[in-house]
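In each ligand, atom 1 is the first atom listed, and ligand 1 is the first ligand listed. The figures that follow rest on heavy atoms only: side chains count, while hydrogens, waters and symmetry mates do not.
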Amino acid sequence: MSDLVVLGGTSGGHIAVMLAHLLGAELGEVEVSKFPDGETYVRVLADVEGRRVVYVNSLQRGPNETLVETLLTLDALRDLGAREVHAVVPYMAYARQDERFKPGEAVSIRTVARLFRALDLDSIYTVDMHLHRITDPTELFGAEFHNLTGVRELARYVRERHGPLGNAVVIGPDEEAEQWARIMAEELGGLEYAVLEKRRVSASEVLVEARGVDVEGRLALIVDDIISTGGTIAEAVKALRSLGARDVIVACVHPLLVGRAYTRLLRLGLKDLVGTDTVLSPISRVPIAPAIAEALRRDLGL
Ligand code: R5P
């Protein structure tokens, strides 16, 4: 029996399967259902006593539901005698409410971080967490917090699928996306990159301008962390096309695609639209498990 067991929650099972395979670990089972009154029921079916456990769940497809499921499972793992408990939360919900934008608002990510911290986990891994105003997430989540990136996996996909991109420009749709545009540009052999200017009007409406970006007759490769309503991407594509972009590819780490976002994006006539599988959607074609496996191998000495 392997010392390491990988378990997946209701929004992480697909990642857990690949992760267990990549790490040569046992894939365990967790039963999750509902009590008649709507409370979440969790039962760990794997034998975890004395073993190292990696539990994977994204806080998506009902962030409140998956948050409670994740907290209950992680706490149960400790309680059941797991020697080490490592949480992998590829998509960390509530990260965008990282500040009190209006008086009286809850700063949700701080509360979520406190809940995770209270579980005394050996480590927490997430992927491209929305850290726009948080400079040091370990202050919130504790020292063993690791923020991985899915952009290298996206770059590998773009390289394999589209080959050399010539004089393409990598575009971050707002200032914060510069970090992802830079990695993508480097991974694709040193492409040029630029960021657009975005102003948020409401939770579903943004204005994007592409001042001084040279995309005329060129392929634009937009990279962002999250696609939620699709508003940011739709506006960015409009701005790039108005400057003469020849083709547009969109790659994102967390394709939440809420409501009618997918249809909205399909209507843009993009050359390609792709996301990782940190969350499941019609465009989640790039597995995130290899990036997580690499980090776990390094940190756990596997
Ligand atoms: C914002 O800061 C993020 O990086 C994304 O650009 C944003 O969450 C996308 O949201 P939407 O698709 O609703 O425009």
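The protein heavy atom nearest to atom 1 (C) of ligand 1 is His130 NE2, 3.4 Å. Asp224 OD2, 2.6 Å is the protein heavy atom nearest to atom 6 (O) of ligand 1. When only non-hydrogen protein atoms are considered, atom 13 (O) of ligand 1 lies nearest to Thr229 OG1, 2.6 Å. Considering only non-hydrogen protein atoms, atom 9 (C) of ligand 1 sits nearest to Ile226 O, 3.4 Å.
Side-chain contact of Thr149 with Asp128: a donor-acceptor pair under 3.5 Å is present, judged by distance alone. With no hydrogens or angles considered, no side-chain donor-acceptor pair links Ser108 and Thr111 at under 3.5 Å.
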Before giving the answer on salt bridge (charged side-chain N to carboxylate O under 4.0 Å, His left out), spell out for Arg83 and Asp3 the whole-Å C-alpha distance, their side-chain angles and the decisive distance to 0.1 Å. CA-CA 10 Å; Arg83 188 169 94 246; Asp3 181 41; 3.0 Å; yes
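Close approach to Arg200 involves these atoms of ligand 1, each under 4.0 Å from a residue heavy atom: 7 (C), 10 (O), 14 (O). Within ligand 1, counting atoms from 1 as listed, the ones closer than 4.0 Å to a heavy atom of Arg96 are 8 (O). For ligand 1, the atoms closer than 4.0 angstrom to any heavy atom of Gly230 are 11 (P), 12 (O), 13 (O). Shown in contact with Thr232 at under 4.0 Å from a heavy atom are these atoms of ligand 1, numbered in order with element: 6 (O), 9 (C), 10 (O), 11 (P), 14 (O).
With respect to Lys34 and Glu65, a salt bridge is recorded, a charged nitrogen being found less than 4.0 Å from a carboxylate O. Look at Asp224 and Lys198 and you find no salt bridge, because none of the NZ, NE, NH1 or NH2 atoms lies under 4.0 Å from a carboxylate O. A salt bridge does not link Asp122 with Arg52: every distance from a Lys NZ or Arg NE/NH1/NH2 to an Asp or Glu carboxylate oxygen is 4.0 Å or more. Salt bridge status for Glu294 with Arg297: absent, with no side-chain N to carboxylate O gap under 4.0 Å.
Close N/O approach between Glu176 and ligand 1 is not found [any backbone or side-chain N/O within under 3.5 Å]. Residue contacts with ligand 1: Trp180 is placed with no nitrogen or oxygen under 3.5 Å of a nitrogen or oxygen of the ligand (distance criterion only).
In this structure, Glu235 falls outside the shell of residues with a heavy atom less than 4.0 angstrom from ligand 1.
Relative to atom 3 (C) of ligand 1, the option among Ile227, Asp225, Ile233 with the closest non-hydrogen atom is Asp225.
No side-chain donor-acceptor contact under 3.5 Å links Arg100 to the backbone of Lys102.
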